Amino acid sequence: MPAAAVALTRPPSSLHIEALAALGVSRRYRRGALLIQEGETGDTLYIVLQGRLRAFVSDNQGRELTLGMYGPLEYVGEMSLDGGPRSANVEAAEASTCAVVSRATLLDYIASQPEFALELMARLIRRARLATDSARSVALIDVYGRLVRLLNEMARVPDEHGERCLRERLTHQQMAQHLACSREMVSRLLKDLETGGYIAVRDRWIWLIKPLPARW
């Protein structure tokens, strides 16, 4: 297929992100490196080229709540482009390469491509809604309920046996960070579900064997 035809099949938002990334500075980050620290003032946007980033908040006791995971052609850091402090931490969940774009470069790009402002605004609205959902979940739903929600959201479509595999391997610690609870709590709940025949662990992949009970 000609290159021009391939480009036409890409979503306009992806084309904008690729064009914007080309204007930034490419930087590599080792796994666990902190790109953004909550509370600091920053004016840069990070566009993921390779790897994955994790946005999270934490408290004084070291407890963490994962707000989102971001892969290639997704970006983080736009929340502070108004000059305010960073609203969350962002770390490299694995070895990653990002295009680092300054606020000035982003504003110049929006001036030349004003339709991108609408895409940026839509992304901000989606993330605000996700943050609201996360806060509501932590405040109003118990840990088991949050676990069920996470497993169902991460599960693939059922196979011919009606079983669903998670889209990625998650450690008990990573799940605890999504649920704002202890790793020990996650381990106990998963063990109970496995004993009850609701889930199975195969080669470190979690499978949902049958519908998870609403309460435990």
Side-chain angles (χ1 to χ4, degrees), residues 6-7 10-11 13-59 62-81 85-106 109 116 119-120 123-124 126-127 130-131 134 147 150-151 153-156 165-183 186-187 190 201-207:
V6 173
R10 293 180 182 174
S13 59
S14 295
L15 296 176
H16 281 303
I17 296 301
E18 290 177 356
L20 188 58
L23 301 175
V25 177
S26 179
R27 293 180 182 170
R28 295 181 179 179
Y29 300 93
R30 60 176 175 77
R31 179 182 177 185
L34 193 65
L35 285 68
I36 293 174
Q37 186 166 356
E38 183 180 358
E40 290 186 344
T41 300
D43 63 351
T44 49
L45 184 77
Y46 296 83
I47 300 174
V48 184
L49 303 177
Q50 292 181 328
R52 288 194 309 163
L53 305 182
R54 180 175 77 99
F56 66 98
V57 292
S58 58
D59 62 16
R63 293 174 298 188
E64 297 179 356
L65 174 62
T66 297
L67 300 176
M69 303 291 293
Y70 305 98
L73 293 186
E74 294 185 297
Y75 53 86
V76 297
E78 76 284 359
M79 293 290 287
S80 69
L81 293 177
R86 300 288 193 180
S87 59
N89 304 294
V90 176
E91 69 172 6
E94 56 191 64
S96 303
T97 302
C98 298
V100 183
V101 180
S102 69
R103 181 176 186 270
T105 299
L106 174 60
Y109 185 82
F116 179 64
E119 195 278 335
L120 185 62
R123 178 69 64 93
L124 286 169
R126 287 195 297 272
R127 289 190 178 173
L130 287 174
S134 294
L147 175 61
L150 176 65
L151 292 176
E153 288 177 348
M154 293 291 297
R156 299 177 186 272
C165 179
L166 297 194
R167 293 194 302 274
E168 61 180 277
R169 285 173 173 162
L170 289 176
T171 66
H172 291 190
Q173 182 60 39
Q174 288 172 324
M175 296 177 77
Q177 291 167 345
H178 278 282
L179 303 176
C181 70
S182 68
R183 180 185 60 80
V186 170
S187 298
L190 290 177
V201 181
R202 301 165 182 165
D203 296 326
R204 293 188 295 142
W205 287 89
I206 294 178
W207 286 77

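Computed from a prediction, not measured in an experiment: that's the story for all the values here. Side chains included, hydrogens not; waters and symmetry mates left out as well; all remaining heavy atoms used.
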- Message: Restricting to ring-ring contact (aromatic ring centres under 6.0 Å, His included), what partner residues turn up for Tyr75, sequence neighbours left out?
- Response: none
- Query: How far does CD1 of Ile206 sit from CZ of Arg167, to the nearest 0.5 angstrom?
  - Reply: 13.0 Å
- Message: Can you give me the closest heavy-atom contact between Cys181 and Val186, atom names plus distance?
- Response: SG-CG2, 3.6 Å
- Message: Suppose the criterion is salt bridge (charged side-chain N to carboxylate O under 4.0 Å, His left out): which pairs have a residue in residues 21-33, not counting sequence neighbours?
- Response: none
- Item | side chain to side chain contact (heavy atoms under 4.5 Å, CB included) against Ala92, all qualifying residues, sequence neighbours excluded | Tyr29, Leu35, Leu53, Ser96
- Query: Hey, mind stepping through Tyr46 and Ile36 against side chain to side chain contact (heavy atoms under 4.5 Å, CB included) and telling me if it holds?
  - Reply: CA-CA 9 Å; Tyr46 296 83; Ile36 293 174; 3.7 Å; yes
- Determine the interplanar angle of the His16 and Tyr109 rings, folded into 0 to 90°, and report it as parallel if under 30°, tilted if 30 to 60°, perpendicular if over 60°. perpendicular
- Message: Just verifying a value: how many Å separate Ser58 OG and Asn89 CG, rounded to the nearest 0.5 Å?
- Response: 5.0 Å
- Could you grab the distance from atom CG of Leu15 to atom CG of Leu73, nearest 0.5 Å is fine? 9.5 Å
- Message: Does Arg204 have more than 12 heavy atoms from other residues, nucleotides or ligands lying within 6.0 Å of its CZ?
- Response: no
- Task: To the nearest 0.5 angstrom, please state how far the CE atom of Met154 sits from the CZ atom of Arg169.
- Result: 13.0 Å
- Nearest heavy-atom approach of Met69 to Ala93 is CE-CB, 3.7 Å
- Message: If I take atom NE2 from residue His178 and atom CD from residue Gln174, how far apart are they, to the nearest 0.5 angstrom?
- Response: 7.0 Å
- Task: For Gly39 and Pro85, work out which heavy atoms get closest and say how close.
- Result: O-CB, 3.5 Å
- Item | side chain to side chain contact (heavy atoms under 4.5 Å, CB included) between Phe116 and Leu20, worked out | CA-CA 10 Å; Phe116 179 64; Leu20 188 58; 4.0 Å; yes
- Checking salt bridge (Lys or Arg N to Asp or Glu O under 4.0 Å) for the pair Glu40/Arg86: CA distance, chi angles, key distance, verdict? CA-CA 5 Å; Glu40 290 186 344; Arg86 300 288 193 180; over 6 Å; no
- Smallest separation among heavy atoms of Leu166 and Leu151, with atom names: CD2-O, 3.6 Å
- Item | Interatomic distance, Thr66 atom OG1 to Phe56 atom CZ [nearest 0.5 angstrom] | 8.0 Å
- Item | From Glu64, Glu94, Glu74, residue fulfilling salt bridge (charged side-chain N to carboxylate O under 4.0 Å, His left out) relative to Arg54 | Glu64
- Query: Are any non-hydrogen side-chain atoms of Leu23 and Val101 less than 4.5 angstrom apart?
  - Reply: no
- Query: Looking at His172 and Leu190, what are the two nearest heavy atoms and their distance?
  - Reply: NE2-CD1, 3.5 Å
- Where Val57 and Leu67 come nearest, the two heavy atoms and their spacing: CG1-CD1, 3.9 Å
